[in-house]
Amino acid sequence: MKALVLSGGAGTRLRPFSHSMPKQLIPVANKPVLEHVLENITALGVTEIGVIVGGWEEEITAVLGDGSRLGARLTYLRQDAPLGLAHCVSVARDFLGDDDFVMYLGDCMLVEGVAEVAEEFARTRPPAHVVVHKVADPSAFGVVEMDPDGRVRRLVEKPKDARSELALTGVYFFTPDIHRAIASIEPSARGELEITDAIQWLVTDGAEVRASQYHGYWKDTGRIDDVLECNRKLLDGLARRVDGEVDTASELSGAVVVEPGARVTGSRIEGPAVIGAGTVVEDCVIGPHTAVGRDCVLSGSRLDYSIVLDDAEIRGAGRLHGSVIGRSAVVGPITDDSGRQRLVIGDHSRVQVAG
């Protein structure tokens with residue numbers, strides 16, 4: 001089996017961050033979402049992975065390289081325009097050959113993995129096997145109607161009046177039959193080749209398409225609040241580890257990770273929290289569910305339930321809660337011409353100041 005990972009989207013819902021980096025490289029628990037996805041795939045024993053890239057190709061290849069660091073062999077496949085998920089499969093046709101494959105959206109987090117679904121697919125090999133999750137508002141997703149035995153009756157993309165609460169999660173298992181289906185469909189009203197249309201074509205053609213309901217933690221990390229919530233979930237599984245320097249005036253409580261080269265002085269950190277390699281934390285209070293990236297500087301500030309990207313600087317910023325500080329951003333007070341201080345926030349950040 002091979003894998004196809006889709007990471008060519010523009011990430012409009014993650015602006016302003018996606019102005020300066022691809023949404024799939026937004027870190028969750030100090031690791032890009034895309035790396036979490038690749039780890040889920042290699043956990044299935046799949047190492048031949050095609051990665052669909054668009055305008056952020058250079059940034060993604062710089063982080064992932066050839067995949068050897070992650071135990072995979074990566075092939076980058078360029079999609080020049082966002083023409084749909086099924087179009088991505090067409091772009092990857094030569095790479096996929098006649099192999100079965102798992103297709104995985106590069107911004108979806110299924111924390112417990114999909115090993116059970118992969119095993120069922122390998123055993124039964126239907127032309128398509130989709131992973132679904134029950135949601136409160138199915139109108140925002142592709143929706144699957146299925147029989148009690150798991151056979152799919154119908155797929156509808158973002159229905160106004162959904163007849164099912166089961167949404168597509170962004171993980172699909174296919175045999176080569178999907179290529180025949182994609183060749184048989186037309187672009188949708190929005191000008192894209194929809195993977196839901198291709199799967200529905202298989203259903204209409206009489207093929208057995210199956211679905212498995214995923215009961216673990218699933219999050220589409222397409223919005224900032226979703227990224228923060230996913231960060232919280234992953235940090236809850238953190239194990240304490242201190243590889244950096246922590247002075248005697250500092251206090252670490254609970255599951256705190258201080259990575260190599262980081263330095264903590266005169267500060268209190270309550271876990272779960274992670275301080276990235278090379279980061280300096282001075283006279284700060286860091287609360288639970290906070291992930292601070294590499295080579296940051298934090299001084300005289302309070303921070304909780306937040307994410308700080310690499311190379312950011314936060315000085316004298318009061319208390320920040322539910323914030324995402326952008327890469328290389330600077331947050332801190334300045335004095336204006338009237339002598340009053342105001343908080344200045346650098347580009348590509350989302351900051352909430354708590355009272």
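Position 1 is the first residue of the sequence; numbering continues from there. Predicted model only: the values in this text are computed from it and were never measured.
In this structure, OG1 on Thr221 lies 11.5 Å from CG on Leu228, to the nearest 0.5 angstrom. Here CD1 of Ile41 is found 5.0 Å from CD1 of Ile49. Values are rounded to the nearest 0.5 Å. Between the CZ atom of Arg163 and the CZ atom of Arg154 there is a distance of 4.5 Å, given to the nearest 0.5 Å. Distance CD/Glu112 to CG/Asn40: 9.5 Å, rounded to 0.5 Å. Atom CD of residue Glu157 and atom CG of residue Leu168 lie 7.5 Å apart, to the nearest 0.5 angstrom. With values rounded to the nearest 0.5 angstrom, Leu166 atom CG is found 9.5 Å from Glu145 atom CD.
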request  = Would you please test Asp107 and Asp220 for side-chain contact (heavy atoms from CB on, under 4.5 Å) and show each step?
outcome  = CA-CA 6 Å; Asp107 56 359; Asp220 170 0; 3.9 Å; yes
task = I would like to know whether Glu208 and Thr124 meet side-chain contact (heavy atoms from CB on, under 4.5 Å); could you show each step before the answer?
result = CA-CA 10 Å; Glu208 182 180 11; Thr124 59; over 6 Å; no
Verdict with reasoning, Val102 to Val171, per side-chain contact (heavy atoms from CB on, under 4.5 Å) = CA-CA 7 Å; Val102 55; Val171 179; 4.0 Å; yes
inquiry  = side-chain contact (heavy atoms from CB on, under 4.5 Å), that's the test. Do Gln24 and Val33 meet it? Break it down for me.
reply    = CA-CA 5 Å; Gln24 297 85 3; Val33 171; 5.5 Å; no
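Judged by distance alone, the side chain of Ser250 and the main-chain N or O of Gly266 form a donor-acceptor pair under 3.5 Å. Using a distance-only test at 3.5 Å, with no hydrogens or angles considered, no donor-acceptor pair links the side chain of Ser253 to the main chain of Glu270. Of the possible donor and acceptor atoms, one in the side chain of Asp66 sits under 3.5 Å from a partner among the backbone N and O of Ser68. Proximity of a side-chain donor or acceptor of Ser90 to a complementary backbone N or O of Cys88 within less than 3.5 Å is not detected. Judged by distance alone, with hydrogens and angles left aside, the side-chain atoms of Asn231 form no donor-acceptor pair with the main-chain N or O of Ile307 at under 3.5 Å. Checked by atom type and distance alone, the side chain of Arg240 pairs as donor or acceptor with a backbone atom of Gly254 at under 3.5 Å. Judged by distance alone, the side chain of Ser7 and the main-chain N or O of Gly106 form no donor-acceptor pair under 3.5 Å. Proximity of a side-chain donor or acceptor of Asp147 to a complementary backbone N or O of Asp149 within less than 3.5 Å is not detected. For the pair Gln200 (side chain) and Leu155 (backbone), a donor-acceptor distance under 3.5 Å is present. Between the side chain of His36 and the backbone N or O of Val28 there is at least one donor-acceptor pair closer than 3.5 Å.
In terms of heavy atoms, Met1 sits closest to Phe101 at CG-CA, 3.8 Å. When all heavy atoms are compared, the tightest approach of Gly170 to Cys108 is CA-SG, 4.3 Å. Of all non-hydrogen atoms in Leu193 and Glu186, the two that sit nearest each other are CD2-C, 3.8 Å. Smallest separation of non-hydrogen atoms from Ala29 and Leu234: CB-CB, 3.9 Å. Between Gly65 and Leu74, the closest heavy-atom pair is O-CD1, 3.9 Å. Closest non-hydrogen pair, Pro176 versus Arg125, comes out as CD-NH2, 4.2 Å.
Side-chain atoms of Glu259 and Val274, non-hydrogen and from C-beta on, do get closer than 4.5 Å to each other. At least one side-chain heavy atom of Val258 sits less than 4.5 Å from a side-chain heavy atom of Leu252. With contacts defined as side-chain heavy-atom distances shorter than 4.5 Å, the pair Leu25/Glu35 does not qualify. Between Val242 and Val256 there is no side-chain heavy-atom pair separated by less than 4.5 Å. With contacts defined as side-chain heavy-atom distances shorter than 4.5 Å, the pair Ile199/Val152 does not qualify. Using a 4.5 Å heavy-atom cutoff, the side chains of Lys233 and Met109 are not in contact. Residues Val324 and Leu309 form a side-chain contact, since some pair of their non-hydrogen atoms from C-beta on lies under 4.5 Å apart. The side-chain heavy atoms of Ser212 and Glu116, taken from C-beta on, include no pair separated by under 4.5 Å.
There is a path of hydrophobic side-chain contacts, each under 4.5 Å, that joins Ile195 to Leu96. No continuous path of hydrophobic side-chain contacts links Val281 to Leu238 [ILVMFWY only; heavy atoms under 4.5 Å]. Trp201 and Ile178 fall within the same hydrophobic cluster, where Ile, Leu, Val, Met, Phe, Trp and Tyr residues are linked whenever their side-chain heavy atoms come under 4.5 Å apart, directly or through other members. Note on Leu83: it does not cluster hydrophobically with Met103, by side-chain heavy-atom contacts below 4.5 Å among ILVMFWY residues. Residues Val285 and Val257 do not share a hydrophobic cluster, defined by chaining ILVMFWY side chains whose heavy atoms lie under 4.5 Å apart.
Atom CG of Asp137 is surrounded by more than 12 heavy atoms from other residues, nucleotides or ligands within 6.0 Å. Heavy atoms from other residues, nucleotides or ligands lying under 6.0 Å from NZ of Lys134 number 12 at most. Counting non-hydrogen atoms of neighbouring residues, nucleotides and ligands closer than 6.0 angstrom, the CZ atom of Arg232 exceeds 12 such neighbours. Around CD of Gln213, the count of heavy atoms belonging to other residues, nucleotides or ligands within 6.0 Å exceeds 12. A 6.0 Å sphere centred on CG of Asp161 holds no more than 12 heavy atoms belonging to other residues, nucleotides or ligands.
Using a 4.0 Å cut-off between charged nitrogen and carboxylate oxygen, Arg319 and Asp304 count as a salt-bridge pair. Using a 4.0 Å cut-off between a side-chain N of Lys or Arg and a carboxylate O of Asp or Glu, Glu194 and Lys158 do not qualify as a salt bridge. Salt bridge status for Asp98 with Arg93: present, with a side-chain N to carboxylate O gap under 4.0 Å.
The aromatic rings of His129 and Phe121 stand perpendicular to each other, their planes meeting at an angle above 60°, with 30° marking the opposite boundary.
In summary, of the residues considered (Tyr214, Phe173, Tyr172), a side-chain contact (heavy atoms from CB on, under 4.5 Å) with Val117 occurs for Phe173 alone. The residue from Thr75, Thr47, Asp99 that alone fulfils the side-chain hydrogen bond (donor to acceptor under 3.5 Å, both in side chains) condition with Lys2 is Asp99.
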For residues 287-302, which side-chain donor-acceptor pairs fall under 3.5 Å, sequence neighbours excluded?
residue, atom, partner, partner atom, Å
His289, NE2, Asp236, OD1, 2.8
Thr290, OG1, Gly287, O, 3.1
Thr290, OG1, Tyr305, N, 3.2
Ser301, OG, Ser299, O, 3.0
Ser301, OG, Gly316, N, 3.3
Ser301, OG, Ala317, N, 3.0

